[in-house]
Structure formats: structure tokens, C-alpha cells
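Numbers here are sequence positions counted from 1.
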Amino acid sequence: MMITFPLLATRLLYLIGLMAILPCGGLQRLYAQQINEPKDQDDGFQLAFHVAAAPEWTALFDRDSGWIGGDGLFSIPLSGVDTVGAGAHTPTLLVFSDSFWGSKAQGKLTPGGKMTNNVVALIPKGTVEKAGIQFYSSQATDGQQAAVFVPNTPAAKPGNYYWLGDGFVNRDKANTLYIFAYRMENTGAKVFGFRECGNALIAIESSDTPPFTRHRQLETPLFVAASGGREAYSFGAGVLTNTAWAGAPNPDGYVYVYGVRGADKELLVARVRPAEIEDFKQWRYWNGSTWDSNILHAAKVTSNVSNELSITPLPDGRYALVFQQNGIEPVIGLRVGKSPVGPFGPIIPVYHCPEPARKKSLYAYNAKAHPHLSKPGELLISYHVNSFDFLKDFNEEPGTFSPRFIKLVLE
């Protein structure tokens, strides 16, 4: 297989932030409890649930040819309505980051193939069927697949590439689709040979169709570089559209955009009115007590999350923050919040991903919920599996690298 981008040496290091891997267990029924932190306040942060497998969703992405694996996987309802069950009434855009095109035979990788830094896919509204999900790439000059989105802002340099964050359809901006994108560059270093160098907002008009050849790219101030002991951070890890037209149960008219900072995986929060999303002077950052115009004042609202995550309103008015604990530990975690900025309760272990226990070279990451693809009373959650010995494991078992799904069933 021809690999044109060092996945293991780049995305892996970006996601883990030097976090350790914990031992994992099996599927289990769990209630609110804390992991490795003081239990000083549980009131209002408990949640009763059980977890079920979602093999019908996992099977949708286990493919033998074409797109055969990738990470990222944010789901965006193209109607703009992000409520449980809304997926039956709207097409859904899926965005992936590093992805692989090729073929498998008898579970093994066949010769030839290509990796691209980002991919999109489209699920038609109604019943979700494997044959109905269409994957899209751009096309390189040699006719092979290429990334859908390639940096072209004034700050972009040759060799930069995008990993994609969350997004939403903005009804206050003529149904424009917005997707956050992390602009990356390779540094040539033997260890940590890459870095994020910018943050862009991709804008796609409602009349455009995949692979979105008419999209716009806006360089944003939503990336803060490391400096003087300050750890780098960026926004786009998750989006909560807290508006009436998105179906939010307690709308305040803002879009909340979440960021992650440093090795402790601190969660940060920004917000803006949807109509003002392209005017970055109107963005505000939670400083721990109020909304501040200075991004340098952004304060952590909780920690130990992951670089990709989700926050979903619960039926009782609280919020479910879903993430991979500390980036790549095998635990899918959940914290219950009392508002979009918290306070957030202790980590509730939702699921122990079994793959790392099966094979020591594997790790799990990128857990997040997909509310509009969920059924009432449930929350569909995806996660990904990757390898510390990527080339060997991908060639031997490429099916491991497509997303897996579980369901959190509220009780």
C-alpha cells in the first residue's frame, strides 16, 4: 500500500498529548462515579444508563473497497436541526480526517491504495443503508484521490494540510455549512515532527455539493500557539448549536464552540451569535466567570477530555459531554454539565473499548456522540481504533481502522 502521509507519527502524537494508556475491562453497566479525582460533589451529576452494542452502525463502515477506514467522524445534519431522531428527516454530512482508499480481500489489505488528510461522506435522509452512504474525495493530477479541503488562506504555506473539526449548518447565514479545520505542518523533527499552525473556518453554500469545489476558507484567530510556558490550544473540537431552529431545548441563541488545551486536555469554551460567526471580533471566551473578548483569558471548565468530543442536551435540561478519557485511554468517558459551560461533574466511565486488551499495539480514541442519528432515549456514540505499529497492523487487519459504535441507553 502506498502511504503518502505518516499517520502514526502525526495524528497519534497530536491526539495523545503524552497521555498514558490504562488497562481496559469489558462492557458493563455503570453509574456516576469519579476516576482518580476527589469526590467532593456528586449532587446533580449522576446519570443512570446502560450500554449496548450498535453492530448495525459499525457494519455500515466495514467496507471492502473504496473508502476503507479513517478517523475523525463528525456528523452534521444538513437541515441544521440536531435533535435526537432528526437524522430520519435530513441528509447528514460526515467529515473524516486521515482516511484510506483501497481494497481488502479475505480481511487483508490488497496492494495499492492512497491516504488523504480529509474526506466527506453523505448519508441520505431516511433509513440508513450501507449502499446509500457515498464517500467523496478531491482528485489529484495523477487521477488518484486527494483531500477535499486543502489550505488556501493567505497564511497557508505549501505542504500545509487540514484535519477537520466539528461543524454545523447555520440557518442565520442562508444555511451555510461551517466546518472547523486545524491547519497542520510537518517540521522534519524525528519526534513530534508536526505542529498545528493555524485554525480555519470552512464555509460551504447550501447550493454546493460534495466534494465542495466552491467552498470558502477563512483564517481564524481560534488557534493560540505555545509561548512562554503557555500550552497551545485551538477551537473546533465540538459544537453545540444552542438555538431554537436547531431544536435546542433551552436555546439562548448562541453557537458554542469547544477547544482543548495542553497535555491535561483542558476543555475551553467560546461562543458567538450564528449571524456573526464570520466576524471574529464578536466571539467571546469563557474566562471562568464571564464572557471575555480576549482568547488568552479562556479558562478551563474541566479536564481529561479528548481533542474530539461532543456535548449534547439531555432530556432533563443538563448536558452530556462525551469524550475519550485523556485522549487515548481505552475508556469512553462522560461528564454531566449543568450548562454549556458547566459546572461539569466527575468522569462517568461509559464503555471500556476492548480492542487494546485484544492487542497491545492498538489504542482507542475520538469518542463522541451523534444525537441526530440516535433514537429517542439513546445516544449513539462512535470511536476509532489505531495502532502504535500502524503499517504492520493496518496491512494485517485493515478492518480495525473503521469506526465502531455503541449506544448509551438512558434509564
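- Under a 4.0 Å N-O distance rule, the pair Arg284/Asp292 does not qualify as a salt bridge.
- The minimum heavy-atom distance linking Leu296 with Tyr233 is given by the pair CA-OH, 3.4 Å.
- Aromatic ring centres of Phe388 and Tyr363 lie closer together than 6.0 Å.
- Ser234 and Glu196 share a side-chain donor-acceptor pair at under 3.5 Å.
- Donor-acceptor pairing under 3.5 Å is recorded for the side chains of Ser387 and Asp393.
- In this structure, the side chains of Trp283 and Arg271 stay at 4.5 Å or more apart for every pair of heavy atoms.
- At least one donor-acceptor pair under 3.5 Å links the side chain of Asn287 to the backbone N or O of Thr290.
- With hydrogens and angles left out, the side-chain atoms of Tyr285 and Asn294 include no donor and acceptor closer than 3.5 Å.
- At least one side-chain heavy atom of Ile133 sits less than 4.5 Å from a side-chain heavy atom of Val128.
- Considering all non-hydrogen atoms of both residues, Thr312 and Pro371 come closest at CG2-CB, 3.7 Å.
- Side-chain polar atoms of Asp208 and Ser206 form no donor-acceptor pair below 3.5 angstrom.
- A 4.5 Å side-chain heavy-atom check between Arg335 and Asn304 finds at least one atom pair inside the cut-off.
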Check against side chain to side chain contact (heavy atoms under 4.5 Å, CB included), Arg216 and Ile202: CA-CA 6 Å; Arg216 294 182 291 121; Ile202 295 169; over 6 Å; no
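- The side-chain tip of Lys130 does not point at the ring of Phe61 from less than 6.0 angstrom away and within 45° of straight on.
- Between Glu397 and Lys108 there is no salt bridge, since no side-chain N of the basic residue sits under 4.0 Å from a carboxylate O of the acidic one.
- Here salt bridge (Lys or Arg N to Asp or Glu O under 4.0 Å) pairs that include residues 244-263, with residues two or more places apart or in two chains, are Arg261-Glu266.
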Phe394 vs Phe401, ring-ring contact (aromatic ring centres under 6.0 Å, His included): CA-CA, chis, key distance, verdict: CA-CA 7 Å; Phe394 185 66; Phe401 300 88; 5.3 Å; yes
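- Inter-residue side-chain proximity for Val350 and Leu408 is flagged as met; some heavy-atom pair is nearer than 4.5 Å.
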Criterion side chain to side chain contact (heavy atoms under 4.5 Å, CB included) on Tyr258 and Leu240, from CA distance to verdict: CA-CA 8 Å; Tyr258 294 83; Leu240 169 63; 4.1 Å; yes
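- The side-chain heavy atoms of Thr153 and Arg183, taken from C-beta on, include a pair separated by under 4.5 Å.
- Side chain to side chain, Asp264 and Ser303 fail the donor-acceptor criterion of an N or O pair below 3.5 Å.
- A cation-pi geometry, defined here as NZ or CZ lying under 6.0 Å from the six-membered ring centre and within 45° of its normal, does not hold between Lys338 and Phe344.
- Contact annotation: the side chain of Leu164 never approaches that of Phe180 to less than 4.5 Å [non-hydrogen atoms, C-beta and beyond].
- Checking His372 against Thr90 by side-chain atom types alone, no donor-acceptor pair falls below 3.5 Å.
- Of the N and O atoms on the side chains of Gln145 and Ser137, not one donor lies less than 3.5 Å from an acceptor on the other residue.
- Side-chain atoms of Leu47 and Ile348, non-hydrogen and from C-beta on, do get closer than 4.5 Å to each other.
- Between the side chain of Asp166 and the main chain of Val239, a donor-acceptor pair closer than 3.5 Å is present.
- Glu56 has a carboxylate O that lies under 4.0 Å from a charged side-chain N of Lys407, or vice versa, which qualifies the two as a salt bridge.
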Full working for side chain to side chain donor-acceptor pair (under 3.5 Å) between Asn117 and Tyr162: CA-CA 7 Å; Asn117 294 128; Tyr162 283 139; over 6 Å; no
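- Around atom NZ of Lys104, more than 12 heavy atoms belonging to other residues, nucleotides or ligands sit under 6.0 Å away.
- For the pair Phe323 and Leu309, the tightest heavy-atom approach, listed with the atom from each and the gap, is CB-CB, 4.1 Å.
- Taking both residues in full, the closest heavy atoms of Pro398 and Leu109 are given as CG-N, 3.7 Å, listed atom of the first, atom of the second, then distance.
- Glu185 and Arg195 are joined by a salt bridge, as a carboxylate oxygen and a charged side-chain nitrogen come within less than 4.0 angstrom of each other.
- Summarising the geometry of Pro221 relative to Ile295, their closest heavy-atom pair is O-CD1, 3.3 Å, with the distance given to 0.1 Å.
- Using a cut-off of 4.0 Å between Lys/Arg side-chain N and Asp/Glu carboxylate O, Glu276 and Lys173 are scored as not salt-bridged.
- For Ala320 against Leu379, the heavy-atom pair with the smallest separation is CB-CD2, 4.5 Å.
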Check against side chain to side chain contact (heavy atoms under 4.5 Å, CB included), Asn366 and Gln324: CA-CA 6 Å; Asn366 277 356; Gln324 198 81 33; 5.8 Å; no
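- For the residue pair Thr116 and Trp101, a side-chain donor N or O sits within less than 3.5 Å of a side-chain acceptor on the partner.
- Not counting sequence neighbours, the partners of Lys392 by the side-chain hydrogen bond (donor to acceptor under 3.5 Å, both in side chains) test are Glu396.
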Side chain to side chain contact (heavy atoms under 4.5 Å, CB included) between Gln46 and Val336, worked out: CA-CA 7 Å; Gln46 298 179 3; Val336 175; over 6 Å; no
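- Cation-pi contact between Arg273 and Tyr254: present, with separation from the ring centre below 6.0 Å and deviation from the ring axis of at most 45°.
- Residues Tyr136 and Phe212 fail the side-chain proximity criterion, which asks for heavy atoms closer than 4.5 Å.
- Residues Trp163 and Asn118 bring no donor and acceptor atom of their side chains to less than 3.5 Å of each other.
- A donor-acceptor contact closer than 3.5 angstrom links the side chains of Tyr178 and Glu278.
- Between Lys281 and Asp279, no side-chain nitrogen of the basic residue sits less than 4.0 Å from a carboxylate oxygen of the acidic one, so the salt-bridge criterion is not met.
- In this structure, a donor-acceptor pair under 3.5 Å is absent between the side chains of His89 and Ser79.
- Ring geometry for Tyr383 against Tyr351 counts as tilted: the plane angle lies between 30° and 60°, on a 0 to 90° scale.
- The existence of a salt bridge linking Arg214 and Glu205 is confirmed by a sub-4.0 Å separation between a basic side-chain nitrogen and an acidic carboxylate oxygen.
- With 3.5 Å as the limit, one finds no donor-acceptor pair spanning the side chains of Asn199 and Tyr182.
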